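Residue numbers count from 1 along this sequence. None of the values given here were measured: they were computed from a predicted structure.
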Amino acid sequence: MEIAATSTVSVALQSRRLSLALSKKLGSFSSLSFGCFERKYCVGIGSSSVRVSAAASMDAVTAEKISPASFLDKRESGGVLHFVKYHGLGNDFILVDNRDSSEPKITQEQAAKLCDRNFGVGADGVIFAMPGVNGTDYSMRIFNSDGSEPEMCGNGVRCFARFISELQNLQGKHSFTIHTGAGLIVPEIQEDGQVKVDMGKPILKAQDVPTKLPGNKGEAVIQGELVVDGVSWNVTCVSMGNPHCITFGKKGGPKLKVDDLNLPEIGPKFENHEMFPARTNTEFVEVLSRSHLKMRVWERGAGATLACGTGACALVVAAVLEGRANRKCTVDLPGGPLEIEWKQEDNHIYMTGPAEAVFYGSALL
């Protein structure tokens with residue numbers, strides 16, 4: 001698979017916030033179309049040659065005015081897929097306008113190739129914006145970087161919301177309903193461009209997470225014991241529509257320092273543990289205070305990522321259930337902070353955080 005020449009990349013590294021009205025001004029973006037544009041920023045299609053000639057100040061590049069809608073309007077033909085790439089705190093996704101079909105435009109195998117950071121675009125997953133079902137405004141499906149399909153993704157749904165708002169040129173504060181594999185999700189674009197998402201109610205019943213660990217607090221697993229390579233860990237199991245195993249450390253061990261973890265070694269052992277029949281996402285958590293938590297995550301199907309929205313929600317639930325934290329917390333992830341609140345009155349979890357577009361592109365499949 002080759003990546004075609006069309007892409008729009010951020011050249012103003014100090015300014016990472018993209019305006020909702022992308023078509024008004026893209027002074028911090030250089031827009032590449034098929035061929036070249038002003039200042040001779042060119043990429044050879046189907047070859048490895050790249051020729052760049054730019055002014056000393058990249059901010060001075062005059063960009064062609066484009067928007068997600070106008071860019072994605074180009075007809076896909078001859079195995080070309082147009083996309084916009086977004087990230088939520090470094091958890092990055094290829095967003096595809098799939099509103100004309102209830103079937104994804106590419107296969108899971110193609111998605112895995114697109115997500116390859118050496119031979120493809122590079123991403124943690126591909127997200128498809130699809131027609132709504134059961135009265136919802138839209139449907140969202142995701143293929144992970146390994147080609148598997150998760151039920152939902154918290155950072156991904158924020159990116160999805162920004163993608164739709166920019167496709168539809170929606171201004172100001174607004175919300176819409178999204179059908180996902182984890183059920184109904186309702187994101188709300190805030191005035192400052194951040195996205196607040198009603199993530200619904202956490203699922204605690206062990207068999208519904210799912211986990212084979214026996215419930216030790218009713219039917220829930222709270223500070224249960226999980227043996228990994230002969231070492232006992234205290235774990236709490238929570239589903240946000242997708243399974244999570246949260247740990248604050250080893251049984252009887254010292255306070256967990258997440259920066260000291262060898263995540264590539266320990267992460268897969270949790271993910272593929274026999275106690276998790278559908279595999280699991282794993283959050284390793286350090287408590288900084290009752291309102292400030294720090295985590296590293298090993299995501300099912302994607303590995304170590306810079307952020308996991310559903311994981312941040314799940315760990316706040318676990319921290320509250322274990323008596324470690326309040327219901328409203330800042331969660332520090334490697335890519336940045338998320339604000340999480342588990343409201344007592346409705347039992348719903350609310351996540352607030354950013355989502356930003358980083359470039360437009362076309363991929364040869």
Side-chain angles (χ1 to χ4, degrees), residues 18 20-22 67-76 81-88 91-108 110-111 114 123-144 148-191 193-203 239-242 309-310 313 346-357 360:
L18 179 67
L20 282 174
L22 284 177
S67 68
S70 65
F71 178 80
L72 294 168
D73 248 1
K74 298 176 181 177
R75 288 194 173 277
E76 280 147 5
L81 178 76
H82 300 305
F83 63 88
V84 182
K85 185 172 175 181
Y86 285 74
H87 80 88
N91 197 190
D92 56 344
F93 304 94
I94 296 165
L95 274 293
V96 178
D97 185 1
N98 212 122
R99 292 174 297 165
D100 59 351
S101 173
S102 57
E103 289 298 321
K105 290 185 177 180
I106 60 172
T107 66
Q108 290 168 280
Q110 288 172 319
L114 281 173
D124 292 320
V126 180
I127 297 177
F128 306 91
M130 308 179 84
V133 298
N134 301 326
T136 58
D137 297 318
Y138 304 98
S139 295
M140 180 176 84
R141 287 184 66 181
I142 313 167
F143 292 157
N144 281 326
S148 62
E149 183 172 2
E151 299 86 351
M152 224 284 286
C153 173
N155 289 309
V157 79
R158 295 200 317 277
C159 292
F160 183 100
R162 286 295 300 271
F163 182 54
I164 290 295
S165 71
E166 291 163 358
L167 280 175
Q168 302 283 36
N169 196 27
L170 302 175
Q171 304 296 323
K173 191 173 182 178
H174 52 271
S175 65
F176 37 83
T177 55
I178 302 174
H179 172 77
T180 75
L184 175 67
I185 299 294
V186 184
E188 181 181 75
I189 309 293
Q190 306 296 292
E191 292 289 355
Q194 294 227 104
V195 184
K196 182 177 182 179
V197 186
D198 179 350
M199 300 289 287
K201 300 177 181 179
I203 298 166
S239 172
M240 293 301 306
N242 56 351
T310 55
C313 294
D346 63 3
N347 195 31
H348 283 225
I349 304 172
Y350 295 85
M351 169 189 65
T352 304
E356 302 177 41
Y360 305 105

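With contacts defined as side-chain heavy-atom distances shorter than 4.5 Å, the pair Arg99/Leu167 qualifies. Asn347 places a side-chain heavy atom less than 4.5 Å from the side chain of Pro202. Side-chain contact check for Pro187 versus Arg162: every heavy-atom pair is 4.5 Å or farther apart. Under the 4.5 Å side-chain criterion, counting only non-hydrogen atoms from C-beta, Pro354 is in contact with Arg158.
Qualifying side chain to side chain contact (heavy atoms under 4.5 Å, CB included) partners for Pro150, counting only residues two or more places apart in sequence or in other chains: Ile142, Asn144, Arg300. Taking Asn134 as the reference, nothing meets the side chain to side chain donor-acceptor pair (under 3.5 Å) condition, with sequence neighbours excluded. With sequence neighbours left out, the ring pair (Phe, Tyr, Trp, His ring centres under 6.0 Å) criterion links Phe93 to no other residue. Shown here are the salt bridge (Lys or Arg N to Asp or Glu O under 4.0 Å) partners of Lys196, two or more places apart in sequence or in another chain: there are none. By the ring pair (Phe, Tyr, Trp, His ring centres under 6.0 Å) test, Tyr350 pairs with no residue at all, sequence neighbours left out. Looking at residues two or more places apart in sequence or on another chain, you find a side chain to side chain contact (heavy atoms under 4.5 Å, CB included) between Ile106 and Leu81, Gln110, Ala111, Leu114, Val126, Phe128, Leu365. Listed by chain and residue number, Met140, Met152, Ile178, Ala182, Ile185 satisfy the side chain to side chain contact (heavy atoms under 4.5 Å, CB included) test with Thr180 (two or more places apart in sequence, or in another chain). Residues passing the side chain to side chain contact (heavy atoms under 4.5 Å, CB included) test with Ser102, sequence neighbours excluded: none. Under the salt bridge (Lys or Arg N to Asp or Glu O under 4.0 Å) criterion, Lys173 pairs with Glu188, not counting sequence neighbours. Shown here are the salt bridge (Lys or Arg N to Asp or Glu O under 4.0 Å) partners of Asp124, two or more places apart in sequence or in another chain: Arg117.
In plain terms, the two heavy atoms of Ile203 and Gly241 that are nearest each other are CD1-N, 4.5 Å. Here the closest non-hydrogen pair linking Gly309 and Asn155 is N-ND2, 3.1 Å. For the residue pair Thr310 and Gly154, the shortest heavy atom distance occurs at CG2-N, 3.5 Å. Taking every heavy atom of both residues into account, Gly88 and Cys159 meet most closely at N-SG, 3.7 Å. Annotation for Cys313 and Met351: closest pair SG-CB, 3.9 Å, computed over non-hydrogen atoms.
Between the OG atom in Ser165 and the CD1 atom in Ile189 there is a gap of 4.5 Å [rounded to 0.5 Å]. Tyr86 contributes atom OH, which lies 13.5 Å from atom CG of Asp92 (distance to the nearest 0.5 angstrom). Met240 CE to Lys201 NZ: the interatomic distance, rounded to the nearest 0.5 Å, is 12.0 Å. To the nearest 0.5 Å, atoms CZ (Phe160) and CD1 (Ile127) are separated by 8.0 Å. Put simply, CE on Met199 and CG on Leu184 are 12.0 Å apart, with the number rounded to the nearest 0.5 Å. For the atom pair CZ of Arg141 and CD of Glu149, the computed distance is 4.0 Å after rounding to the nearest 0.5 Å.
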Evaluate Asp97 against Phe163 for side chain to side chain contact (heavy atoms under 4.5 Å, CB included), listing each step before the verdict.
CA-CA 9 Å; Asp97 185 1; Phe163 182 54; 4.2 Å; yes
With side chain to side chain contact (heavy atoms under 4.5 Å, CB included) as the test, would you mind laying out the steps for Ser175 and Asp198 before giving the verdict?
CA-CA 10 Å; Ser175 65; Asp198 179 350; over 6 Å; no
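Judged purely by atom type and a 3.5 angstrom limit, Asn98 uses its side chain to pair as donor or acceptor with the backbone of Glu103. With hydrogens and angles disregarded, a donor-acceptor distance shorter than 3.5 Å links the side chain of Ser139 to the backbone of Pro131. Under the 3.5 Å distance criterion, the side-chain polar atoms of His87 are left unmatched by any main-chain donor or acceptor of Lys85.
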